[in-house]
*Asks:* 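Before we start, here is the structure in question, set down as structure tokens.
Computed over heavy atoms, backbone and side chain alike; hydrogens, waters and symmetry mates excluded. Counting convention: from 1, in listed order, for ligands and their atoms alike.
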Amino acid sequence: MVNLETPLKNLPHVTPKYAKTLEKLGLLTVRDLLLYFPFRYDDFRNTSPVSDDLIGKTITVEGKITKTKLNRIFKKRMTVVEATLEDANGTELKAVWFNQPFILESLAQGATVRLSGKLTRDGKKFVMSSPAWERAAREETNTGRLVPVYSETAGITSRWIRWQIKPLLPLAQNLPDILLGELREKYNLYDIYTAIVQVHFPDSREKLVRAQKRFAFQEMFLVQLKSLQVKKQWEENNSLAINFDEKLIKNFVDNLPFKLTDAQRKASFEILKDLEKPKPMNRLLEGDVGAGKTVVAAVASLQTISAGHQVAIMAPTEVLARQHYFSFSKLFEKYGINISLLTNSYRELNNFQFSIFPAMPDLAKRDNFQSIFNDKILNDKKNNRKYLLDNLAEGKINLIIGTHAIIQKDVKFKNLALVIIDEQHRFGVAQRAALQSETMSISDGDRKTIPHLLTMTATPIPRSLAIAFFGSLDLSILDEMPKNRKPIITKIVPPGERKIIYEFIRSEVGKGRQVFVILPLVEESLAETMADVKAATVEFERLSKEIFPELKLGLMHGRLKSKEKEDAMEKFKNKEYHILVSTSVVEVGIDVPNATVMIIENAERFGLSQLHQFRGRVGRGEFQSYCFLFSQSDSKRLSAMEKTTDGFEISKIDLGLRGPGQFFGTVQSGLPDITMENMTNVKLIKFAREEAANILAIDPQLKKHPPLADALKKFSEHIHLE
Ligand code: ADP
Ligand code: MG
């Protein structure tokens, strides 16, 4: 007897070869196959005899085969099957298939069949090229209906999958339904069996949508259950309660060279309120590039440090860590705070660098101290890491800024009370877990406290989506830009107008400004390849020699040693380069207020959100800034960049264009497409969250809901939410 747990390899038509291929798709059992959903559907419902009005349309034709022919084209090593079919009106239709000679075994002369495909014409003849087909006597599976299309892998076709799944559908009645009857009723959702049947072989569009909605709800329900549980677990920890010292913060804010935006005030307040609780904060600060997250992080840090505790700030790259180090040094220069930088690059012999300075009333003295310090300590390579770690463990360092290096085992704190993670999406769950580890937590008799956690992201996503994805976090959003910003002027530049832009660059450089040139990855890949480095080098050479021989150019790419990267960045910052040519994977997250022009080559290769991130590298100072998108193809998509500089707006457009699956590519949540497509459904997210909260309120461990508990456990194993 076949049941849900029957291995697919035991099914009659599944040869060992097929079984292996199915395994590659992650399909081992009948249950897996039933839950393997189509990613799209061919609409073959229009069944009609052929006629002139239907040319160009996709239709299903039923008729009798009158003739068949097999042609072999030896030169091209190709076979062409040709079949002539006579429809109900006696009109002839010619169907051709390439390289599928076996079709002739089924499509014999005299057979009555259904063909589905696009009707075209060749001279006087009606033609269908590679139509879907099946014998008319068989139930509509591949033709004549909404036909499911599955993601295929070599050796397995959607057609084959359809034949396998169809007879197994009744077994779906044995799948436990993790959505209770009342819940399904409330939201008008199909039961699991109906939903499975309709998602594979929908009777209509409406039923399909309803089935998809059920699965989307179900997934979102699990997501929310998971994140609420994580949230609850997190809140079971203790943290140091840090009192809000209004005078201190007011003084700090009043002495900033600018006025905080309302959004910055509100976010700071929310964070300070969190810090007051003896429960750990877990808050996401979301704000577009340049929205001013750093100063909000500084407010939280200052409060924590002045209460006598330590703060750690973690950035994804050395360049960013270093930049934070300087920003915070400047922001806190009057406060006598000891700040250190700890990064760690395996490419370097001297594989870390740091500096430390004590309370000093002014910068001049600090510099002086640093040089003495550098001579004494930094040059003693054996000892400097130890020196830093000792100071950290003794609590003499108040604020440590760095990369992953900060959460290495040998890094010990005295009383760490706040951890801030910049660009949180670049870090994984492991880092979060580290916060609860012994080295980061403080034991005070029986009571153990873990640090408060503030994560920051520059991906401006709408609140509802942020809740869907980061449901275990509280959210503060900087949805307002500092007032002094001049919107960046953005232009798409067709190939013919390159020269004009180069002249423009010359004039900007003439005024003392600087320029970024960004090159996309040659191939679509996550990491930078040698080809990318080469492309950047070639462009660097071309610009240096042919276009701007009179200017100084710098080159940045991921294969440089981190010291070299830093040197390049440093030189750009210090205006030693007029132009910095860089690959896209290199962090250009550096603040260079004097840079006013951003050139992006082959801009069509980037997503809008990514382009927006790049653009955010200019327009940071007082000068009017420009972003030029060089593009070979005149892409409509890119015009959104010309129209708006609002990151939330851009991400909305980007989401609409690419769909949440692509949009969140970097998040790699592992959520199925159906859910991803429904991620923009605000109501669905809201309801799923409400229901998840309801059920956890009465049954926190889901003891009374075993199928749900089971599903959640499986779900947690392959889903990665922050
Ligand atoms: P991001 O949110 O991208 O991290 P930053 O914190 O680096 O942004 O801030 C970008 C720049 O804007 C910095 O130079 C910072 O000093 C400045 N800035 C921050 N807040 C304000 C404000 N309220 N008014 C004017 N400038 C601000
Ligand atoms: Mg930042």
*Asks:* Are Thr304 and Leu275 side-chain neighbours, meaning at least one heavy-atom pair lies under 4.5 Å?
*Replies:* yes

*Asks:* How close does the nearest protein non-hydrogen atom get to atom 14 (O) of ligand 1, and which residue and atom is it?
*Replies:* Asp591 OD2, 3.2 Å

*Asks:* Numbering the atoms of ligand 1 from 1, which are under 4.0 Å from a heavy atom of Asp288?
*Replies:* 2 (O)

*Asks:* Identify whether the distance between the nearest side-chain nitrogen and carboxylate oxygen of Arg283 and Glu270 falls below 4.0 Å.
*Replies:* yes

*Asks:* What residue and atom, counting heavy atoms only, is the protein's closest point to atom 4 (O) of ligand 1, and at what distance?
*Replies:* Thr294 OG1, 3.6 Å

*Asks:* Quick one: does Ala458 get within less than 4.0 Å of ligand 1, heavy atoms only?
*Replies:* no

*Asks:* Going by the atom numbers of ligand 1, which of them fall below 4.0 Å from some non-hydrogen atom of Lys259?
*Replies:* 22 (C), 23 (N), 24 (N)

*Asks:* Looking at Glu570 and Lys573, does any basic side-chain N land under 4.0 Å from a carboxylate oxygen?
*Replies:* no

*Asks:* What protein heavy atom lies closest to atom 24 (N) of ligand 1? Include the residue and the distance to one decimal.
*Replies:* Pro482 CB, 3.3 Å

*Asks:* Gly287: heavy atom below 4.0 Å from ligand 1, yes or no?
*Replies:* no

*Asks:* Relative to the heavy atoms of Val289, which atoms of ligand 1 are at a distance of less than 4.0 Å?
*Replies:* 3 (O)

*Asks:* Can you pull out the closest protein heavy atom to atom 3 (O) of ligand 1? Residue, atom name and distance to 0.1 Å, please.
*Replies:* Gly290 N, 2.6 Å

*Asks:* Answer yes or no on whether Arg506 is positioned over the face of Phe548, meaning its NZ or CZ is under 6.0 Å from the six-membered ring centre and within 45° of the axis.
*Replies:* no

*Asks:* Within the structure provided, determine whether Tyr335 and Leu248 are in side-chain contact (heavy-atom separation under 4.5 Å).
*Replies:* yes

*Asks:* Would you mind checking which non-hydrogen protein atom is closest to atom 16 (O) of ligand 1, with the distance to 0.1 Å?
*Replies:* Phe258 CE2, 3.4 Å

*Asks:* At what distance is the nearest protein heavy atom to atom 9 (O) of ligand 1, and which residue and atom is it?
*Replies:* Gly292 CA, 3.6 Å

*Asks:* For atom 20 (N) of ligand 1, what's the nearest protein heavy-atom neighbour? Residue, atom name and distance, please.
*Replies:* Gln264 NE2, 2.9 Å

*Asks:* Kindly state whether the ring of Phe516 and the ring of Phe614 have centres lying under 6.0 angstrom apart.
*Replies:* no

*Asks:* Classify the side-chain pair His452/Asp274 by whether it contains a donor and acceptor separated by less than 3.5 Å.
*Replies:* no

*Asks:* Identify, by atom number and element, the atoms of ligand 1 in contact range of Leu260, meaning under 4.0 Å from any of its heavy atoms.
*Replies:* 23 (N)

*Asks:* Below 4.0 angstrom from a heavy atom of Thr261, which ligand 1 atoms are there? Numbered from 1 as shown, please.
*Replies:* 23 (N)

*Asks:* So do Thr294 and Val296 actually touch side chain to side chain, heavy atoms under 4.5 Å?
*Replies:* no

*Asks:* Is it the side chain (CB and beyond), the backbone, both or neither of Asp422 that lies under 4.0 Å from ligand 1, heavy atoms counted?
*Replies:* neither

*Asks:* Atom NZ of residue position Lys231 - does it have more than 12 heavy atoms of other residues, nucleotides or ligands inside 6.0 Å?
*Replies:* yes

*Asks:* Are more than 12 heavy atoms from other residues, nucleotides or ligands located less than 6.0 Å from atom NZ of Lys279?
*Replies:* yes

*Asks:* Give me the nearest non-hydrogen protein atom to atom 17 (C) of ligand 1 as residue plus atom name, then the distance to 0.1 Å.
*Replies:* Arg485 NH2, 3.5 Å

*Asks:* State if Leu256 counts as touching ligand 1 under the rule of any non-hydrogen atom under 4.0 Å.
*Replies:* no

*Asks:* Which is it for Arg620 and ligand 1 at heavy atoms under 4.0 Å: side chain, backbone, both or neither?
*Replies:* side chain

*Asks:* Does the pair Lys571/Asp567 count as a salt bridge with the N-to-O cut at 4.0 Å?
*Replies:* no

